[in-house]
Amino acid sequence: MSGLPPAEGATPAMAQWFAAKAAHPDALIFFRMGDFYELFFADAEVAAAALDIALSHRGEHRGEPIPMCGVPAHAAEPYLARLIRRGFRVAICEQTETPEEAKARRAPTIRREVVRIVSPGTVTEEALLDGARPSWLLALAEAGGRLGAAWADVSTGVFRTESLARTDLPALLARLEPAEILAPPGLVPGAREAMPPADPARRLAAAFGVADIAGFGEFTASECAAAALLLDYLAAAGPLPRLEPPAPQGGQGLLAMDAATRRSLDILKSERGDPRNTLLAAVDRTLSAAGRRELAARLAAPLADLAAIRARQAEAAALATDAALAEAIRARLRGLPDLERALARLSVGRFAPRDLAAIRDGLLAAEAIAAHLAAAAAPPAIPLAPPAGLGAELARALADPLPARVEEGGVIARGYDGELDALRALREDARAAVAALQRDLAEAWGVASLKIRHHQQFGYLAEVPAAAGERLRRAPPASPPDLAPIHRQSMANVQRFTCQALAALDRRIAESAEQAAKREAAAVAHLVRQVLAQGAAIAATARALAALDVAAASAALLATGRWTLPAISEGREFVLEQARHPVVEAALARARGPAFVPNDLDLSPGRRLMLLTGPNMAGKSTFLRQAALAVILAQAGLPVPAAAARIGLVDRLFSRVGAADDIAEGRSTFMVEMTETAAILNQATERSLVVLDEVGRGTATWDGLAIAWAVVEALHDRLRCRGIFATHFRELTALAGRLPELACARMLVAEHKGEVVFQHLVGPGVADRSWGLHVARLAGVPRPVLARAGQVLAALEARAEGLDPLASELPLFAASPPRPQPPVAEPSPLLALLDEIDPDSLTPREAHALLYRLKALRAADRAHE
Ligand code: ADP
Ligand code: MG
């Protein structure tokens, strides 16, 4: 990328560009030049490469050609989308006056101004958004020793704040996955550095037109600062979108999950592999974009509040028991437009006619659904009150079909606005008059093939073949004066003429078209005002529809008979009957593989901690994760894939996978494992659920076993949480005897004609170690290697025998594995000889000979070493 030359000596237009660039140095400047957005200098080089478009030159600056590339203004969106997705910010520099206005004020060039900054967290365009996911702009600020977070989705108007400790920041980032982050320098890598404005509380109050923000809830100083920072950033980026007042909600009432837990569970997105392999995809039965976003939001932030969870369950249950109502609602939800996002586009003035149609269709669907709810015996308690009459008003106002853009005209239906109809009739009359005039001129000028055509530049002109044109000019026909031909243009094959009558008609048509366009624009603006006046009610309607969509989707799962609403309590029980892993089950079904084998799980008091052993590929990880996913689903208020479930409320969910292949940021796998394990040991409570998948695998056997051992003890005795610990350290099962609430379980494996068969069933007891070799054979390890492995295994098992009694000897928390004793060596011949020597009985000659023997033995020993 080349540097930017100094601005001195720029043309007037380029001087505007330099000013825009100076004001927004970290954005690409989309500089409006007529029908194009053009980029210059380094911007052009970067954008041409990123967009794969031609880099050329326009004019010169200080004697050097100016690198330039451009995109058509009317088709800029896909280009913008590509730049934003690649992490660029774009400043849109528009022409903000007409050439006539510029001429009138004797300006050297048209006025241009940056009207908007496009960045990942500020977009509202459909093409730039993912319909199924919220698009969070997150602002962070520090005050009073706390961190304040404020996040908003400008595409839906949701605005939230939270006060948190610095250590909770990674979990918040993992929960929100923001599209864009504003933060004080050094806090979050990759964030935009930004500091909050002075007097943030006043800034907030002013933005929402209230005297004091206390009316919206209780905000800490840091939350306030973050919210004000966010607002300022949005205000600087363009017209302020419709935003709800900020809601201080905090992480209170939510199930805590850290980043590592989310990563290991593939909740909304799959870390690797098939993007369909997510919890969201496996449970998603919603029918609308807003419903899908709501479902994703619930899965990303499950609740930890009993009443709130039960309220959601009741919504699903109400629709599950009234199948007719559920079907009537779902029929209306199918193809429901995205009300919230259409509203957001209308609120910032960047909308297309289809956004008005979306409001119309959304409101009409809402009215129909509201009527169904009103007629139902026991409808779900989701208040749905679309603003009265607005849907019908839009239905009367909007034409069908609608143009793609407002400027094309034809947005407003005939019969909605009398004056507009009259202006359009005038235009139509004039068009009919053109046809009549064409007949008159053909006759008057004696050219049967005469055609009146419209030209962008010249308006209506009469076109005749070149030869006829020559004749008309040489010998004008004797026609009435207002029909006398006036030559305008000669082309190769045709000549173009006008006459007084045609020119007058052309003026009339242009004027009536202009007036009709003005009138139509006014009518559209009036509609938009009506919509925005009901913005809050429309947003509430959209949220209610989203909640209904999720409730109906839950009912659809329940209707299969394979999902159930769990009984949630304040207790400590944890019982899943015939539970399944929804993602693995769906993947098996897609691949037309074997059916998923359901399993029971009971982690209730007395058997809180399960130690699960079994060979590779037997289904341990699947079993662990299905327990964790059941908690997420249950506390999101959704059905779980099981025959029955009773779950005592979980406050924190931890899931860890040992020794994964993802060696993040150069830390060793073992270091990663231990850091993540430490987080659990420091944070888990009696209410938590911990699933640990082969933790300790990332290091040499003794260390790993020792740590796994200590962790199991700590989970059992100190944290007293519920949990499952999957391990290949069979030695750990020795703990079962002394930890009363530890239950041993194993994956059942059968042998069939010498082949290992995984039953995917969990049974009591400890795994039979020798199955590992069967798995190796299954994988194609050659026979001689398998045979040798069998010998080694036998030797190792003999040695491990010695460990079992150890369990009872180890003191609590002082547990350390034994150091293997060095084997007792055979005494060497050298030492044996030395032992035999009696110096007093030796003659000098014998002593001399002995010294030679000892030297020889020593030399032989050395050769062995
Ligand atoms: P492990 O952790 O013991 O190595 P996994 O849980 O990774 O085993 O399971 C290995 C494979 O076995 C899964 O990818 C899946 O295809 C299959 N599997 C696991 N559990 C079940 C089950 N309950 N029913 C059917 N297939 C299963
Ligand atoms: Mg596994």
Side-chain angles (χ1 to χ4, degrees), residues 260-261 263-266 270-274 276-279 281-282 562-563 576-602 610-630 640-643 645 654-662 669 672-673 676-677 690-698 704 708 723-730 732-733 744-750 752 755-763 765-779 781:
T261 297
R263 243 194 337 270
S264 80
L265 291 175
D266 294 342
S270 169
E271 283 291 313
R272 36 197 156 236
D274 196 328
R276 287 175 299 184
N277 286 341
T278 65
L279 180 62
R562 311 187 71 242
W563 295 65
L576 301 177
E577 289 174 20
Q578 297 293 291
R580 310 181 307 276
H581 187 305
V583 181
V584 174
E585 181 179 42
L588 287 176
R590 272 203 307 273
R592 300 183 196 289
F596 190 89
V597 180
N599 268 300
D600 294 342
L601 171 64
D602 188 350
M610 173 184 275
L611 192 64
L612 179 63
T613 47
N616 268 332
M617 291 301 287
K620 297 184 299 299
S621 301
T622 305
F623 182 73
L624 249 67
R625 281 183 186 64
Q626 82 190 28
L629 295 180
V640 296
F654 292 96
S655 169
R656 294 289 187 273
V657 186
D661 304 316
D662 45 51
T669 39
V672 173
E673 240 188 272
E676 294 183 348
T677 305
V690 177
V691 300
L692 295 174
D693 195 354
E694 307 214 26
V695 162
R697 196 170 67 177
I724 313 177
F725 196 102
T727 184
H728 63 278
F729 293 122
R730 220 176 46 139
L732 282 179
T733 56
C744 286
R746 65 191 174 119
M747 301 305 305
L748 299 185
V749 181
H752 181 68
E755 297 287 301
V756 58
V757 179
F758 297 125
Q759 297 176 297
H760 303 304
L761 269 177
V762 177
V766 179
D768 180 345
R769 189 179 273 259
S770 64
W771 287 113
L773 296 189
H774 288 262
V775 178
R777 185 170 63 217
L778 206 63
V781 175

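Computed from heavy atoms alone, side chains included, the values below leave out hydrogens, waters and symmetry copies. Numbering of residues begins at 1 and proceeds along the displayed sequence. The structure displayed is predicted, hence computed values, not measured ones. Remember, it's 1-based here, ligands and their atoms both numbered in the order they're listed.
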Give me the number of protein N, O or S atoms whose distance to the Mg ion (ligand 2) is under 2.8 Å.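 For the Mg ion (ligand 2), protein nitrogen, oxygen or sulfur atoms under 2.8 Å: 1.
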Atom indices of ligand 1 within 4.0 angstrom of Gly619 heavy atoms, with elements: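 Those of ligand 1 that fall under 4.0 Å from Gly619 are 1 (P), 3 (O), 5 (P), 6 (O), 8 (O), 9 (O), 19 (C), 20 (N).
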Within a distance under 4.0 Å of any heavy atom of Ala618, pick out the atoms of ligand 1 and give their elements.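 Going through ligand 1 atom by atom, the ones under 4.0 Å from Ala618 are 1 (P), 3 (O), 8 (O).
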If we only count heavy atoms from C-beta on, is the [X] to [Y] side-chain gap below 4.5 Å?
X: Asn277; Y: Asp266; value: no
X: Gln626; Y: Leu601; value: no
X: Leu624; Y: Glu694; value: no
X: Arg656; Y: Val691; value: no
X: Leu265; Y: Leu279; value: no

How far is [atom] from its nearest protein heavy atom, and which residue and atom name does that atom have?
atom: atom 23 (N) of ligand 1; result: Val597 O, 2.9 Å
atom: atom 17 (C) of ligand 1; result: His760 CE1, 3.5 Å
atom: atom 7 (O) of ligand 1; result: Ser621 CB, 4.0 Å
atom: atom 11 (C) of ligand 1; result: Met617 CE, 3.9 Å

Please enumerate all residues that pass side-chain hydrogen bond (donor to acceptor under 3.5 Å, both in side chains) together with Thr278, with sequence neighbours excluded.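 side-chain hydrogen bond (donor to acceptor under 3.5 Å, both in side chains) list for Thr278, sorted by chain: empty.
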Of all heavy-atom pairs between Phe596 and Arg580, which one has the smallest distance, and what is that distance?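 Nearest heavy atoms, Phe596 then Arg580: CE2-CA, 3.5 Å.
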Locate the shortest heavy-atom distance separating Ala579 from Leu576; write the atom from each residue and the value.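 That would be CB-CB, 3.8 Å.
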Under 3.5 Å side-chain donor-acceptor pair for Gln578 and Asp600: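 The answer is yes; a qualifying pair exists.
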Quick one: does [X] get a heavy atom under 4.0 Å from ligand 1?
X: Gly614; result: no
X: Pro615; result: yes
X: Leu588; result: yes

Could you grab the distance from atom CD of Glu585 to atom CZ of Arg562, nearest 0.5 Å is fine?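 If I round to the nearest 0.5 Å, the distance is 4.5 Å.
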Using modelled atom types only, decide if a donor and an acceptor are shared between the side chain of Lys620 and the backbone of Leu612 within a distance under 3.5 Å.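 Not confirmed, Lys620 side chain does not pair with Leu612 backbone.
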Please indicate whether any nitrogen or oxygen in [X] is less than 3.5 Å from any nitrogen or oxygen in ligand 1.
X: Phe623; result: no
X: Phe596; result: no
X: Thr622; result: yes

Give a yes or no on whether atom 14 (O) of ligand 1 lies under 4.0 Å from any heavy atom of the protein.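 There is no protein heavy atom less than 4.0 Å from atom 14 (O) of ligand 1.
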Pair Asp693 + Arg625, salt bridge at N-O below 4.0 Å: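 Yes.
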